[in-house]
Amino acid sequence: MQEVVFDLEFIIGHYNYWLFVILMMTGLYITVSRGNLIKKVVGLNLFQTSVFMLYISMGKIEGGTAPILTGDPNTVYSNPVPHVLILTAIVVGIATTALALALVVRIREEFGTIEEDELTEIEEKLEFAEQGDDAIPVSGEASVNKRESGGK
Amino acid sequence: MIDLITKNLPALQVVIPLMAAPICAIFNRGRLAWTIAFIVAIVSFAISAALLSQTLDGGVISYHLGGWAPPIGIEYRVDVLNAFVLLIVSGIAVVTLPYAVKSVAQEIPQEKQGFFYTALLLCLTGLLGVTITGDAFNVFVFLEISSLSTYALVATGAERNRRALTAAYNYLIMGTVGATFFVIGLGLLYMATGTLNMVDLAHQITLRGDSRMLHMGFAFVLVGIGLKLAMFPLHLWLPNAYTFAPSAVSVFISATSTKVAVYVLLRFMFGIFGFDYAYQQSTLQYVLLPLALLAMFAASLVAVFQTDLKRMLAYSSIAQVGYMLLGTAFMTQTGVMATVIHLFNHAVTKATLFMVAGAFVYSVGSSKISDLKGLGRAMPWTSAAFVVGGLSLIGIPLTVGFVSKWYLVQAALELGWWPIAAAIVLSSLIAVAYVWRIVETLYLHSPSPDSKAKEAPLAMIIPMWVLAAATVYFGTHAALTSAAASRAASTLISASNIIWQ
């Protein structure tokens with residue numbers, strides 16, 4: 001372990017890593033803290049995008065060009081492997097977002113809301129109704145909402 | 001031709017289910033899709049059996065994808081450990097599919113069944129791919145293939161209970177956060193070593209020595225995989241996902257997906273970082289061990305108070321993952337062996353129990369414990385299978401559950417950790433409590449007078465009893481599985497020792 005010294009040049013020189021950390025924490029915080037299901041997906045996207053930035057940063061070589069053969073043996077290329085990995089990760093990210101949005105649409109159809117606290121309330125009532133011996137009718141809220149959403 | 005097939009077995013293991021999935025989607029007809037899926041499952045099972053028989057003597061199959069040599073190309077690397085896990089995954093797929101016919105026909109509308117089997121095949125592809133690959137980034141890709149299809153499969157439970165949708169959404173958010181942590185970890189490992197091939201990673205780590213980057217990478221990978229395998233405080237997605245998924249999906253994912261994640265953890269910890277990695281030693285001892293113990297007690301206690309059979313089984317799964325992590329945290333040959341053998345044993349046991357729960361859902365329309373009163377008479381075969389599975393969950397001798405606990409306790413005693421051995425026995429007593437609750441409801445309560453419950457169809461009873469018979473067979477003939485598990489553990493350890501010395 002090397003000694004930790006305050007090195008301004010080091011800190012500024014690694015600005016893209018700082019941005020990665022900020023973006024990552026912003027994304028994770030939005031995912032955890034927001035109650036709106038769409039906003040959670042947005043947070044998740046930010047979180048995933050930050051990783052793209054980490055990988056691209058690590059592949060960059062100072063003075064290196066895009067990794068396309070130039071024929072000149074003295075050319076310095078950036079490392080292409082992280083780029084390829086991130087292409088794959090972007091595809092995974094798109095698939096995840098698409099599936100998440102599809103689920104949100106279905107949730108809205110079934111429950112009539114995409115706010116987490118309202119969903120929790122409806123679910124608690126459902127669970128109560130499931131557990132009780134004499135079925136307590138689920139409050140009309142959900143079904144009313146459903147009708148509303150159907151009308152829109 | 002035969003030669004060509006035997007040479008390319010590792011690739012075929014993944015490619016066949018992957019290619020069959022879109023075919024299922026094109027012929028979007030339930031029956032046909034099922035037939036394709038079943039044939040594919042049998043072929044996968046045959047391939048993994050062949051791979052296991054080739055590697056059982058300690059050999060390693062290294063398959064270079066597209067002819068590119070590692071570490072630049074992607075390598076599929078099969079040794080006893082992953083051949084064993086491959087066999088578990090494909091074996092469970094073979095038994096689950098005949099079971100799925102009836103339960104899927106009831107729970108999924110006709111026009112969606114083709115897509116259902118497509119997703120199931122993709123899930124199988126992902127799980128097999130995670131297990132077989134020797135490339136760290138490839139693990140992430142396959143992990144996401146299996147996870148994404150699992151989210152979709154869980155969401156299909158919405159036909160029975162709309163809460164499946166929120167369960168799938170929460171699983172998606174947590175699973176993706178886990179996967180992203182895993183990728184960040186891989187990125188840091190790549191920065192520290194410049195390679196993604198597992199064997200080369202292990203080699204480079206020894207060459208370059210310890211660094212803070214490695215510590216960070218290790219921590220990120222641990223948390224990411226921890227989310228996927230439902231390590232105790234990261235388990236919140238699991239109970240709802242298992243409860244509201246269609247019965248066949250509960251059976252399949254409960255028996256395979258967490259097991260494969262445990263395998264990945266074993267591979268990363270011991271295959272890449274090695275036994276002598278000091279940072280890992282302290283992490284395992286001070287983080288993983290307490291969490292495993294907590295899972296064993298807390299999750300079992302929560303299971304006792306559940307009102308739904310499927311949810312109870314889900315909480316018991318979290319506790320069982322605790323046992324697997326405990327075996328890992330011992331960091332001895334016996335400990336790793338106990339983990340590996342428990343992968344198999346728990347897969348068989350939990351699949352039996354979820355099949356029982358699915359049969360109740362099929363016949364009674366619910367898995368609520370209060371609806372199961374007196375079903376021991378109306379559904380004798382299903383109830384008896386529950387008793388067999390339940391005994392195995394507790395760890396009664398003659399069942400597979402006993403074999404795992406035996407090795408776990410042995411591993412604890414080898415280290416002289418008496419309190420932990422006692423904790424294993426004590427937590428099994430809690431399992432007695434929750435299993436007994438169900439057995440009592442089934443046999444000692446009088447059935448409700450208007451109950452029209454009939455025994456589940458034969459197509460569900462037979463797979464259930466094949467697994468129940470396996471719990472007893474491998475419980476009495478433990479030499480078969482323990483030999484494979486022991487060899488798997490030694491391979492993992494010797495590989496890391498050679499590198500470290």
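A, B, ... follow the sequence lines: proteins, then strands. Residue 1 opens every chain.
- Looking at heavy atoms from C-beta onward, A:Tyr55 lies in side-chain contact with B:Leu186 at the 4.5 angstrom threshold.
- Inspection of non-hydrogen atoms places A:Leu28, A:Thr31 of residues 25-36 of chain A under 4.5 Å from chain B.
- Across all non-hydrogen atoms, the minimal contact from B:Leu172 to A:Ala100 is CD2-CB, 3.5 Å.
- The closest side-chain heavy-atom distance from B:Arg162 to A:Leu126 is below 4.5 Å.
- With values rounded to the nearest 0.5 angstrom, B:Leu196 atom CG is found 5.5 Å from A:Leu85 atom CG.
- Atom CG of B:Asn161 is separated from atom CD of A:Glu123 by 8.5 Å, given to the nearest 0.5 angstrom.
- At a threshold of 4.5 Å between non-hydrogen side-chain atoms, the residues A:Phe20 and B:Ile184 count as touching.
- Minimum heavy-atom separation, A:Ala95 to B:Leu148: CB-CD1, 3.7 Å.
- Ranking A:Val91, A:Leu119, A:Val51 against chain B, the residue ahead of the rest is A:Val51, based on heavy-atom pairs under 4.5 Å.
- Using a 4.5 Å heavy-atom cutoff, the side chains of A:Val81 and B:Phe137 are not in contact.
- Interface check for chain A: of the options B:Val141, B:Ile173, B:Ile145, B:Val183, the most heavy-atom pairs under 4.5 Å are formed by B:Val183.
- Here the shortest heavy-atom pairing between B:Leu165 and A:Arg106 reads CD1-O, 3.7 Å.
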